[in-house]
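Below is one structure, written out as structure tokens; comments come after it.
Numbers here are sequence positions counted from 1.
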Amino acid sequence: MMVTVWRRGAGGKFGDGAALVDHEIGPCVMQWGTTGDVDGGTTAGDDFREGDYVECELFGPAGADVLASDILEVDGVRYRVQGRPITQAFARSGRLTNTVVRLREVSA
């Protein structure tokens with residue numbers, strides 16, 4: 001599947017934010033992980049909101065242009081990147097195989 005990567009463009013000279021720009025990477029494969037509920041409270045520092053989350057890993061081509069600040073869109077659903085993408089390599093040859101990106105979708 002092809003994945004759309006949304007990234008904030010360069011800001012103006014006065015520090016204002018720019019529009020989101022997008023590009024596609026692929027072909028990619030997703031491995032679904034855990035799902036769960038998030039219950040807010042005073043210890044969580046919020047106002048008792050509830051939400052659901054889905055965690056997964058995206059396996060894309062080696063050298064895919066993905067940053068930790070990007071938002072990825074898969075089949076119309078947007079996911080936030082969790083941490084820095086990791087590029088995997090074969091142990092013996094050192095040949096790059098793919099890029100692994102941890103994602104999380106939160107719906108409230």
Closest non-hydrogen contact found for P85 with A68 is CD-N, 4.1 Å

dist W6:CH2 -> D22:CG (nearest 0.5 Å) comes out at 4.0 Å

Between the OG1 atom in T97 and the CD atom in Q88, the distance rounded to the nearest 0.5 Å is 5.0 Å

When rounded to the nearest 0.5 Å, the distance separating CZ of R80 from CZ of R104 is 11.5 Å

Q. Short question: side chain of H23, backbone of D65 - any donor-acceptor pair under 3.5 Å?
A. yes

Value for CZ (R102) from SG (C56), rounded to nearest 0.5 Å, stands at 11.5 Å

Joint hydrophobic cluster, V54 plus V74, side-chain heavy atoms closer than 4.5 Å: yes

For P61 and T99, the nearest pair of non-hydrogen atoms, with its separation, is O-OG1, 3.1 Å

Between the CZ atom in R7 and the OG atom in S69, the distance rounded to the nearest 0.5 Å is 6.5 Å

Nearest heavy-atom contact between D70 and L72 is CB-CD1, 4.1 Å

Closest heavy-atom pair, E24 versus T4, reported as atoms and distance to 0.1 Å, is OE2-OG1, 3.9 Å

Exercise. In the single-linkage hydrophobic clustering (I, L, V, M, F, W, Y; side-chain heavy atoms under 4.5 Å), do M1 and W32 co-cluster?
Worked result: yes

Smallest heavy-atom separation, E73 atom then R78 atom, equals OE1-NE, 3.4 Å

Co-membership, hydrophobic cluster, residues V77 and M30, 4.5 Å side-chain | yes

Single-linkage hydrophobic cluster, 4.5 Å side-chain cutoff, L103 and V100 together
no

All heavy atoms of C28 vs all of L58, minimum pair found to be CB-CD1, 3.7 Å

Legend entry - Pairwise side-chain contact, L67 with V81, heavy-atom cut-off 4.5 Å (strictly under): no

